[in-house]
Amino acid sequence: MSSSHRYPIGISGQKWSDKERATWLDQVTIKRSYQKEVVTKLTLLGQHFDLLQYGALSYDTERYPLFAIKTRNWDSNKPTVLITGGVHGYETSGVHGAIQFAATEADNYSDTFNIVVAPCVSPWGYETINRWNPNAVDPNRSFYQNSPSEESAGLMQLVESLGGDILAHIDLHETTDTDELEFRPALAARDGIDYDKGMVPDGFYLVGDTDNPQDQFQKAIIESVRKVTHIAPPDGEGKIIGEAITQEGVINYPTKKLGLCSGLTNCTFGTTTEVYPDSPRVTAQECNDAQVAAVKGALDYMLSVTQRQ
């Protein structure tokens, strides 16, 4: 490894075998309850939305059912908006921001849009506060045919079952200090490559699609979130997490090529939010609020586009 943060599992320069993956899994522990903190909230929301179980993780089907909620006045003539959270289970505000949006704001947009929310795509990752699933696979690099991730495959099946086109997909994420302290070193060790330490941005930013950037859509989200929390500045090279910014608080990735969740549909408007919960300038609730503001900014922009047409 080129960094002093040498990961304790594996041999430098060698990819993990099943032995190293098993060693990694053995040191993972349950730290919180998906049933108590997520499923309970979704059950209550089932009084106002259609609650769908679209699968269950084979690791423990009783413990890890996969849920989504849909607005009830579903109409095939309305455009459909997909909101996802918890693709990386450790990114807490992605999960609870999605639930908060459903509880407080979704009804305000349901006359115009069909809205489906899958707030916790990776419940095992949520409980263990982990980026990967138990097989040391990253669900957010696994949205492609014959996916190695049950979590990703389940969400893709849900989207297919909806029928019709998806107008927009907002995928709610966080960038945390543990990205550099744990997850990127683990990734380098797993893949037998050097780990080069990066910088965690202090603030909110977005990841758009290189092939469909939708700059004005991204800008509208940034302006909405700015009312709630601060926007991440670029580093001295004009970059965020190693990528050149395209405008304030926005970078682009080739989402389909990388197998990212935000690239799983052919939506017109797509983005990935990134909140920084470890900043001394924010609280956990403000992080949830930022996620809600991002979704609202996206929907308000699409409403304005529709009204102009």
Side-chain angles (χ1 to χ4, degrees), residues 21 24-70 82-104 106 116-143 147-159 170-176 178-179 182-183 186 261 264 272-273 275 277-278 284-285 287-289 291-292 295:
R21 290 173 185 266
W24 170 81
L25 182 59
D26 284 344
Q27 52 87 46
V28 175
T29 59
I30 300 294
K31 299 178 178 68
R32 55 188 178 184
S33 172
Y34 168 67
Q35 290 285 340
K36 291 181 180 179
E37 298 177 21
V38 178
V39 175
T40 298
K41 292 181 179 180
L42 294 179
T43 301
L44 290 174
L45 285 174
Q47 299 173 25
H48 306 286
F49 299 87
D50 289 336
L51 179 63
L52 309 175
Q53 182 177 346
Y54 63 91
L57 299 182
S58 66
Y59 325 130
D60 189 329
T61 57
E62 293 297 318
R63 185 168 186 153
Y64 301 127
L66 299 170
F67 287 112
I69 53 178
K70 291 171 55 179
L82 172 65
I83 300 162
T84 50
V87 175
H88 289 144
Y90 73 105
E91 297 173 5
T92 306
S93 73
V95 176
H96 293 289
I99 293 172
Q100 182 176 319
F101 170 80
T104 63
V116 57
V117 182
C120 192
V121 175
S122 298
W124 181 88
Y126 180 85
E127 289 203 331
T128 61
I129 312 183
N130 216 291
R131 184 178 181 90
W132 293 341
N133 69 15
N135 300 315
V137 170
D138 185 343
N140 203 38
R141 297 296 186 276
S142 303
F143 284 90
S147 174
S149 163
E150 291 183 32
E151 297 83 357
S152 308
L155 183 62
M156 288 189 288
Q157 290 168 5
L158 168 66
V159 171
I170 304 99
D171 190 29
L172 309 181
H173 283 256
E174 294 181 342
T175 301
T176 72
T178 52
D179 286 11
E182 167 65 23
F183 299 120
C261 182
L264 78 90
T272 300
T273 69
V275 171
D278 297 313
Q285 183 57 55
C287 291
N288 295 345
D289 293 344
Q291 302 283 22
V292 173
V295 178

Output, in order, the C-alpha distance, side-chain angles, deciding distance and verdict of side-chain contact (heavy atoms from CB on, under 4.5 Å) for Y90 and N130.
-> CA-CA 5 Å; Y90 73 105; N130 216 291; 5.5 Å; no
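- Within 6.0 Å of atom CD in Q53, more than 12 heavy atoms from other residues, nucleotides or ligands are found, so the atom counts as buried in its surroundings.
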Quick one: do L45 and L51 satisfy side-chain contact (heavy atoms from CB on, under 4.5 Å)? Show the steps, please.
-> CA-CA 8 Å; L45 285 174; L51 179 63; over 6 Å; no
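- Checked by atom type and distance alone, the side chain of R21 pairs as donor or acceptor with a backbone atom of N135 at under 3.5 Å.
- Across all their heavy atoms, A136 and W24 have their closest contact at N-CZ3, 3.8 Å.
- By the 4.5 Å heavy-atom criterion applied to side chains, Q291 and N288 are not counted as neighbours.
- Nearest heavy atom pair, residue P119 against residue L42, reads CG-CD2, 3.7 Å.
- The shortest non-hydrogen separation linking P123 to L66 is CD-CD2, 3.6 Å.
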After noting the C-alpha distance and the side-chain angles of T128 and I30, does the key distance pass the side-chain contact (heavy atoms from CB on, under 4.5 Å) rule?
-> CA-CA 5 Å; T128 61; I30 300 294; 3.7 Å; yes
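- A distance-only check finds no donor-acceptor pair linking the side chain of S142 to the backbone of S152 [under 3.5 Å].
- Within the 4.5 Å cutoff, the side chain of E127 has heavy atoms near those of the R63 side chain.
- Of the possible donor and acceptor atoms, one in the side chain of N133 sits under 3.5 Å from a partner among the backbone N and O of V137.
- Of the possible polar contacts, none joining the N140 side chain to the V87 backbone as a donor-acceptor pair under 3.5 Å is found.
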Can R32 and T92 be said to form a side-chain hydrogen bond (donor to acceptor under 3.5 Å, both in side chains), step by step?
-> CA-CA 11 Å; R32 55 188 178 184; T92 306; 2.9 Å; yes
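- Residues L155 and T84 meet the side-chain proximity criterion, which asks for heavy atoms closer than 4.5 Å.
- A donor atom on one side chain and an acceptor atom on the other are not found under 3.5 Å apart for S122 and E151.
- Not one N or O on the side chain of E174 forms a donor-acceptor pair closer than 3.5 Å with the backbone of P277.
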What's the verdict on side-chain hydrogen bond (donor to acceptor under 3.5 Å, both in side chains) for T43 and K41, showing C-alpha distance, side-chain angles and the deciding distance?
-> CA-CA 5 Å; T43 301; K41 292 181 179 180; over 6 Å; no
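- Counting heavy atoms from C-beta outward, L52 and K70 have side chains that approach closer than 4.5 Å.
- In this structure, H88 and D138 have side chains that are in contact, with non-hydrogen atoms separated by less than 4.5 Å.
- Residues E91 and T176 bring no donor and acceptor atom of their side chains to less than 3.5 Å of each other.
- With hydrogens and angles disregarded, no donor-acceptor distance shorter than 3.5 Å links the side chain of Y34 to the backbone of C120.
- To the nearest 0.5 Å, atom CD1 of residue I170 and atom CD1 of residue I83 are 5.0 Å apart.
- Nearest heavy-atom pair across A118 and Y54 is CB-OH, 4.3 Å.
- For the residue pair Q100/D289, the side-chain donor-acceptor check at 3.5 Å is satisfied.
- One N or O on the side chain of E150 and one on the backbone of S58 form a donor-acceptor pair closer than 3.5 Å.
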Any chance you could lay out the side-chain contact (heavy atoms from CB on, under 4.5 Å) test for V116 and I69, step after step, and finish with the verdict?
-> CA-CA 6 Å; V116 57; I69 53 178; over 6 Å; no
